[in-house]
Amino acid sequence: MPELPEVETIKEDLREHVVGAKVERAELLDRSLVEHPKAGEFERRLEGVDIIGARRRAKHLVVELGSGDSLVFQLKIGGQFLLVPPVEEPTSSLMLVLHLDGARRVFLRDETGYTRAQIYTAEELSERFADLGPEPFSEGFTSGYLKEKVGGRRARIKPLLLDQKVVSGVGNIYVDELLFDAKVHPRRKANSFSDEEWEEVHSAISGNLRAGIEHRGTTFSLYRDLLGRKGSHQNHLKVFLREGGECPRCGVKIVKEKVGGRATFLCPACQREDGSGDNGQLELL
DNA sequence: CAATCAACCTGGGTGC
DNA sequence: TGCACCCAGGTTGATT
């Protein structure tokens, strides 16, 4: 579930509510959370340390510790990070509880059990993130970068944009939305794009991610922010999960297909597989 | 390099 | 109600 906007929202919530607290005790309830477990080490490295910062890299949530370590979470599909009053304490699917000073607790729960966490030293962390592509809001992420990076490849655009080595933070919801905005079919080959189309794709990436952040994320079922609230971006989606609904641009029915093994929603009239249309190649020939 | 598939786990939704 | 089956916002690694 959590793509860039969702993780960004949780990170901001952590900054507001949790950064500055001390971890008194860590309770690891599901050992499968930790990627490379050594008996007791995970809990030990969290005990008594201050939480001095929170940040996001791609879809990773990074909790910075006073010890110099970083606690990194990959929430994957179903991970929830919850700071809630005791009365609303979640009881199922719990993987980790951080007992903070002031009797507060942060719960990590995940119905799917896919969430993974790991503690890294500064050096290990930069190694871990070494292969990630640029952040969509960084200076280096431009339409020129996209063209340079994948413009020569024969692969389809959707799987390329989901590849975290190309650009980090885009997931299955936002990629469908941004390709709709750019009027690009998800199956188009990257080497068929014009400069204008790279610009359209580039600006649609930032536009859609920004809107997602603005609306505090997309909640279909599992996603919650730190205080357990739903996001509202699901109310602004144009194609995702709207199979059979009308295209907001032209009124044609939205269809669902599989592209790169992933459920994919698109407008078959606005997003032509042959690339014809507003941004297409054919009219240039 | 490109495409497909299975795996990781669990719960929810659907259809019979 | 019960049950079998399919699906899931992510990522990785094997295979062809």
Side-chain angles (χ1 to χ4, degrees), chain A residues 1-10 29-37 56-61 72-81 90-96 108-118 128-133 149-180 186-192 205 208-209 211-213 215-225 230-244 256-265:
Chain A
M1 149 218 326
E3 307 181 29
L4 184 150
E6 290 74 31
V7 181
E8 181 72 18
T9 300
I10 296 171
L29 298 163
D30 184 344
R31 299 211 65 83
S32 69
L33 173 70
V34 183
E35 292 175 301
H36 308 289
R56 179 192 58 74
R57 177 74 175 97
K59 300 170 192 170
H60 302 266
L61 187 62
V72 176
F73 294 91
Q74 234 181 332
L75 299 176
K76 298 201 173 177
I77 290 174
Q80 299 176 339
F81 226 87
T91 52
S92 66
S93 317
L94 281 179
M95 300 185 90
L96 175 70
L108 176 70
R109 71 184 290 259
D110 186 348
E111 283 183 9
T112 72
Y114 284 165
T115 293
R116 293 295 176 266
Q118 192 68 31
R128 162 77 187 247
F129 289 165
D131 289 338
L132 289 174
K149 181 81 176 174
V150 298
R153 293 178 54 179
R154 286 159 296 172
R156 301 156 171 175
I157 187 66
K158 172 164 173 166
L160 283 175
L161 294 179
L162 288 174
D163 183 347
Q164 301 298 296
K165 293 192 283 298
V166 174
V167 53
S168 57
V170 178
N172 204 40
I173 298 174
Y174 293 92
V175 73
D176 280 5
E177 294 291 302
L178 73 91
L179 289 174
F180 171 79
R187 245 189 294 262
R188 283 273 306 284
K189 310 270 185 196
N191 64 6
S192 75
I205 291 173
N208 277 276
L209 294 177
I213 294 169
H215 299 129
R216 301 186 56 81
T218 303
T219 300
F220 291 131
S221 56
L222 298 175
Y223 171 70
R224 296 292 186 278
D225 70 14
K230 297 177 179 183
S232 65
H233 193 63
Q234 63 279 8
N235 302 322
H236 302 267
L237 297 174
K238 291 148 283 189
V239 289
F240 196 83
L241 236 49
R242 294 199 55 241
E243 181 187 13
K256 179 182 183 180
E257 299 179 7
K258 265 218 191 308
V259 179
R262 311 295 303 276
T264 298
F265 300 84

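Since the model is a prediction, treat every value here as computed from it, not as a measurement. Below, chains carry the letters A, B, ... as their sequence lines are ordered, and counting in each starts from 1. In what follows, every heavy atom counts, from backbone to side chain, and hydrogens, waters and symmetry copies are set aside.
The gap from the C1' atom of dA8(C) to that of dA6(B) amounts to 16 Å, rounded to the nearest Å. Taking the P atom of each, dC9(B) and dC5(C) are spaced 22 Å apart, rounded to whole Å. On the P atoms, dC5(B) is 15 Å away from dC6(C), given to the nearest whole Å.
Under 4.0 Å is where a charged nitrogen must lie from a carboxylate oxygen, and between Arg56(A) and Glu8(A) at least one such pair does.
Using a 30° and 60° split on the angle between ring planes, Phe73(A) and Phe81(A) fall in the perpendicular class, above 60°.
Between Arg224(A) and Lys230(A), some side-chain heavy-atom pair lies under the 4.5 Å cut-off.
Considering only residues two or more places apart in sequence or on other chains, Phe240(A) meets the ring pair (Phe, Tyr, Trp, His ring centres under 6.0 Å) condition with Phe220(A), Phe265(A).
Taking side-chain N and O atoms only, Arg116(A) has no distance below 4.0 Å to OP1 or OP2 of dC8(B). One finds a side-chain N or O of Lys59(A) lying less than 4.0 angstrom from the OP1 or OP2 phosphate oxygen of dG10(C). Considering only side-chain N and O atoms, Arg31(A) lies nowhere under 4.0 angstrom from the phosphate OP1 or OP2 of dC9(B). Between Arg156(A) and dA2(B) there is no side-chain polar atom (N or O) within less than 4.0 angstrom of OP1 or OP2. Phosphate contact (OP1/OP2 of dA3(B), side-chain N/O of Lys189(A), threshold under 4.0 Å): present.
For the residue pair Ala58(A) and Leu132(A), the shortest heavy atom distance occurs at CB-CD1, 3.9 Å. Heavy atoms only, all atoms of each residue included: Pro159(A) and Gly260(A) are closest at CG-CA, 4.4 Å.
Between the P atom of dG13(C) and the CG atom of Asp131(A) lies a distance of 11 Å, rounded to the nearest Å. If you take CD1 of Ile173(A) and P of dA8(C), they are 12 Å apart, rounded to a whole angstrom. One interatomic measurement links the two molecules: CG of Asp110(A) to P of dA8(C), which rounds to 17 Å at whole-angstrom precision. One interatomic measurement links the two molecules: CE of Met95(A) to C1' of dT10(B), which rounds to 10 Å at whole-angstrom precision. Atom CD of Gln80(A) is separated from atom P of dG10(C) by 16 Å (rounded to the nearest Å). In this structure, Lys258(A) atom NZ and dG9(C) atom C1' are separated by 13 Å, rounded to whole Å. Following rounding to the nearest Å, Lys256(A) (NZ) and dC7(C) (P) show an atom-to-atom distance of 7 Å. Following rounding to the nearest Å, Leu160(A) (CG) and dA3(B) (C1') show an atom-to-atom distance of 12 Å.
Both key distances under 3.5 Å define a Watson-Crick or G-U pair, and stretches of 3 or more such consecutive pairs in DNA chain B run B:2-8 with C:10-16, B:10-16 with C:2-8.
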- request: In sequence, state the C-alpha distance, the side-chain angles, and the governing distance for Glu257(A) and Lys158(A), and then conclude on salt bridge (charged side-chain N to carboxylate O under 4.0 Å, His left out).
  value: CA-CA 12 Å; Glu257(A) 299 179 7; Lys158(A) 172 164 173 166; over 6 Å; no

query: Stepwise, does the side-chain contact (heavy atoms from CB on, under 4.5 Å) test hold for Ser232(A) with Arg216(A)?
result: CA-CA 6 Å; Ser232(A) 65; Arg216(A) 301 186 56 81; 5.8 Å; no

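Of all nucleotides listed (dG9(C), dA3(B), dG10(C)), dG10(C) comes nearest to the side chain of Lys76(A). Picking from dG12(B), dG9(C), dA2(B) the nucleotide with the shortest atom distance to the side chain of Asn172(A) gives dG9(C).
Residue side chain Ser93(A) does not reach the base of dG11(B) through any donor-acceptor N/O pair under 3.5 Å, judged by distance alone.
Between Ala263(A) and Gln74(A), the one whose closest nucleotide on DNA chain C sits nearer the 5' end is Ala263(A). Position along DNA chain C of the nearest nucleotide to Gln164(A) versus Thr112(A) favours Thr112(A) as the more 5'-ward residue.
In this structure, Tyr114(A) packs face-to-face on the six-membered ring of dG10(C), meeting both the 5.5 Å centre cutoff and the 30° plane limit.
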